[in-house]
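Step one of this worksheet: look at the structure below.
Order of listing sets the numbers, starting from 1, for every ligand and every atom in it. Note that these values count all heavy atoms, side chains included, but never hydrogens, waters or copies made by symmetry. Bear in mind the structure is a predicted one, so any value in this text is a computation, not a measurement.
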Amino acid sequence: MASSLTTFTDEARIALDTLSGRAAGLFSPSLRLGVTGLSRAGKTVFISALVHNLIHGGRLPLFEAQKSGRIARAFLEEQPDDAVPRFQYEDHVAALVDDRAWPDSTRAISELRLTIEYESASGWNRLFSAGKLSVDIVDYPGEWLLDLPLLGKSFADFSREAVELAALPVRCDLSQGWLALAAKIDPDADADEMMARRLAERFAAYLKACKLDERALSTLPPGRFLMPGDLEGSPALTFAPLMKLSERRPRSGSLQAMMERRYEAYKTHVVKPFFREHITRLDRQIVLIDAMQALNAGPAAMADLERAVTEILSCFRPGRGNFVSDLFSRRIDRILVAATKADQLHHESHDRLQAIVRRLADRAVARANFSGADVDVAAMAAVRSTREGTVKQGRETLPVIIGTPLKGERINGETFDGKAETAIFPGDLPEKADAVFDVSGPENTEPAIRFVRFRPPKLERTAEGVTLSLPHIRLDRALQFLIGDHLA
Ligand SMILES: Nc1nc2c(ncn2[C@@H]2O[C@H](COP(=O)(O)OP(=O)(O)OP(=O)(O)O)[C@@H](O)[C@H]2O)c(=O)[nH]1
Ligand SMILES: [Mg+2]
C-alpha cells in the first residue's frame with residue numbers, strides 16, 4: 001500500500017511539473033535538449049562547440065536558419081533551474097581556445113540556457129511568433145540513466161543479479177575482491193557501519209575496475225557508484241548487494257535490513273528525483289558514443305557499446321508501464337545517436353563511420369523494442385582537431401590527417417611532445433558495417449584504424465584580431481536535426 005501511494009504521488013507530481021512546464025513554454029518558447037553519453041564520450045566538448053558556433057556565427061551550412069541568414073543573435077541567458085549547477089561554458093571554451101587543451105571531466109549534471117533570436121521563414125509565423133527560442137541544454141552522465149531498471153527491482157533481485165554478473169568469466173577476475181568479502185558475510189549479523197562501508201567500497205572498486213578495463217565492459221548499476229556527483233560518502237551510497245539472503249523479512253537491526261533500507265533510499269532519493277526533475281522534462285536528446293575507441297578495441301567492445309546504447313534507449317521508450325516512461329517518452333520526439341570524434345579519420349571514412357553507427361543504432365532500436373521518436377545517427381566531430389592532406393610514399397599517394405598529437409601519445413614507437421605537428425595515415429574503416437560487429441571473426445587482429453588523440457586546433461584570427469569559431473565536422477547537421485524545426 002505504502003509503495004503504491006508513493007508511486008501515485010510521484011506520478012501526480014510529474015504530471016503537474018510537466019503541465020506547468022508546458023504552460024510556461026507558451027509564454028517564452030523553450031526547448032530542453034538532453035546531452036548524454038558514457039563518461040569521456042564527448043558531452044562537454046559537444047555543448048561548448050555548439051554554443052560557441054552559434055554565438056560566434058560559425059560556418060554551419062547545413063543548419064538552415066543560419067545558412068539563410070535568419071538568425072539575428074544567439075546569446076547566453078540565466079538558466080531556469082536554480083538548483084542545477086551551471087555548465088561552465090566560459091571555462092571550457094577558454095581551455096579549448098586559449099590553452100588548446102580538452103576541458104576537464106565534468107562527472108555531474110549541469111545546465112545552460114542559450115537563447116536564439118531569429119526571423120521565421122514563413123510570413124504567417126513571423127506575424128504570430130516573437131522569433132525567440134530558448135534552448136536549455138542539459139549535460140548529464142549516461143551512467144545515471146542506467147539506474148532506471150532498479151526502480152522495478154527489490155534489493156533481493158538487485159543482489160542476485162549483481163552476484164550472477166560478477167561471476168561471469170569476463171568479470172570474475174575484477175570482482176574477486178568484493179565477492180570474497182561478500183561470501184564471508186552473514187546478512188543476519190548485526191548492522192555495522194564499518195562493514196557496510198567496506199562492502200560498498202569493494203563493490204564500487206569492482207564497478208570502477210570494469211569501467212577502466214580495456215575490454216571496455218558495459219556499466220552496471222548503481223550509476224552513482226561510478227559517478228557520485230555530490231553524493232560521495234552519503235548513506236544512500238553506502239550499500240552493496242549481499243549473498244545468502246533469507247527469504248523472510250530481515251530481522252530489524254540486521255545488516256540485511258540496513259542494506260535494504262539504503263538501497264530503497266537510493267531509489268527514492270537519488271534515482272526517482274533525477275528522472276522526475278530532469279529526464280521527464282526533455283524534448284530532444286543526443287546520445288554521444290565513443291565509437292572510435294570501441295572500433296579500436298574490436299568486436300567485443302562494439303557489442304558492449306551496442307548493449308549500453310540499447311539500455312540508454314530503453315530509458316526513453318514509451319509505454320513500458322514503469323513509473324516515468326509513459327509521461328516523458330511522449331515528449332522526446334527526436335533522438336540523435338552520434339559518434340563525435342570523426343576528425344580522427346580521413347573524410348573518405350566518415351560515411352563508413354556513419355553506416356557503422358546506423359547499424360549499431362538500428363540494432364539497439366530493435367533490441368530495445370523502441371518506437372515513438374525519430375532516431376537518427378551521425379558521424380561528426382564537435383571540434384575538428386585535424387586537417388587533411390596527402391603524403392607520397394613511393395608511387396602511392398596516401399590520404400593523411402594532420403594535427404598536433406597530445407603529449408605522450410605514441411605511434412610506431414614514436415612518442416609525441418604535444419608541440420610538433422604530424423601527418424598520420426589513419427587507415428580505412430571496412431566497407432561493410434557488419435564486419436566490425438562480427439565477433440566470430442579472427443581474434444587479436446590489428447585494429448583497422450590507427451587512432452591518435454590530437455590537441456584541439458589552433459584558431460585562426462581575422463585581420464581585425466577576431467577569433468574565428470571552432471571548426472567541426474557535421475555539427476551543423478546535428479543542430480538541424482535537434483533544433484532546426486523549431487526555428488522554421
Ligand atoms: N578529436 C576529438 N576529440 C574529442 C572530441 N570531443 C571529445 N573529444 C575527446 O574526448 C575527451 C572527452 O570529451 P568530453 O567532452 O570531456 O567528454 P564528457 O562526455 O564530457 O566526459 P565526462 O565529463 O568525463 O563524462 C576529450 O578530452 C577529447 O580528448 C572531438 O570532437 N574531436
Ligand atoms: Mg563532461
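Any N or O atom pair closer than 3.5 Å counts here, and M227 shares no such pair with ligand 1.
When each atom of ligand 1 is checked for a heavy atom of D343 under 4.0 Å away, the hits are 1 (N), 2 (C), 32 (N). Near S105, meaning under 4.0 Å from one of its heavy atoms, ligand 1 places the atoms 22 (P), 23 (O), 24 (O). Listed by atom number, the atoms of ligand 1 under 4.0 Å from S39 heavy atoms are 25 (O). Of all the atoms in ligand 1, the ones that sit under 4.0 Å from a non-hydrogen atom of A382 are 31 (O). Short contacts between ligand 1 and S385, defined as distances under 4.0 Å to a heavy atom of the residue, involve ligand atoms 1 (N). Under a 4.0 Å criterion applied to the non-hydrogen atoms of T340, ligand 1 contributes the atoms 5 (C), 30 (C), 31 (O), 32 (N). Each of the atoms 31 (O) of ligand 1 lies under 4.0 Å from some heavy atom of A381. Which parts of ligand 1 touch R107 is read off a 4.0 Å heavy-atom cut-off, strictly below it: atoms 23 (O).
Look at R86 and E78 and you find no salt bridge, because none of the NZ, NE, NH1 or NH2 atoms lies under 4.0 Å from a carboxylate O. The pair R113-D136 meets the salt-bridge criterion, with a side-chain N (NZ, NE, NH1 or NH2) lying under 4.0 Å from an Asp/Glu carboxylate O. Looking at R455 and E409, no side-chain N of the basic residue comes within less than 4.0 Å of a carboxylate O on the acidic one, giving no salt bridge.
Remark: D376 CG to R334 CZ distance equals 9.0 Å, nearest 0.5 Å.
Shortest contact from atom 20 (O) of ligand 1 to any protein heavy atom: T44 OG1, 2.7 Å. What sits closest to atom 27 (O) of ligand 1 on the protein, heavy atoms only, is W102 CB, 3.1 Å. Looking from atom 14 (P) of ligand 1 to the surrounding protein, the closest heavy atom is G42 CA, 3.6 Å. Protein heavy atom nearest atom 15 (O) of ligand 1, with residue, atom name and distance: V45 N, 2.8 Å. For atom 16 (O) of ligand 1, the closest non-hydrogen atom of the protein is R40 NH1, 3.3 Å. Looking from atom 19 (O) of ligand 1 to the surrounding protein, the closest heavy atom is K43 NZ, 2.8 Å.
The aromatic rings of F203 and W178 lie tilted to each other, with the angle between the two planes from 30° to 60°. Between Y89 and H52, the ring planes lie tilted relative to each other; the angle falls in the 30° to 60° range.
No side-chain donor-acceptor contact under 3.5 Å links R32 to the backbone of V138.
Side-chain atoms of Y263 and P241, non-hydrogen and from C-beta on, never get closer than 4.5 Å to each other.
Between the side chains of R474 and Q354, a donor-acceptor pair is found at a separation under 3.5 Å. Side-chain atoms of T268 and E264 form no donor-acceptor pair, as typed in the model, at a separation below 3.5 Å.
Ligand 1 is never approached by P141 to a heavy-atom distance shorter than 4.0 Å. Within the structure, ligand 1 lacks G37 among the residues with a heavy atom less than 4.0 angstrom away.
Residue contacts to the Mg ion (ligand 2): T44 brings an N, O or S atom closer than 2.8 Å. At a cut-off of 2.8 Å, T106 is counted among the residues with an N, O or S atom near the Mg ion (ligand 2).
Checking R453, K341, H92 against atom 5 (C) of ligand 1, the nearest heavy atom belongs to K341.
Residue contacts with ligand 1 for T106 involve both N, CA, C or O and side-chain atoms from C-beta outward (heavy atoms, distance under 4.0 Å).
The neighbour count for R198 CZ, taken as heavy atoms of other residues, nucleotides or ligands under 6.0 Å away, does not exceed 12. For R363, the CZ atom counts as densely surrounded, since its 6.0 Å shell holds more than 12 non-hydrogen atoms of other residues, nucleotides or ligands.
Checked against L482 for a side-chain contact (heavy atoms from CB on, under 4.5 Å), the options L33, V135, V35 give a single hit: L33.
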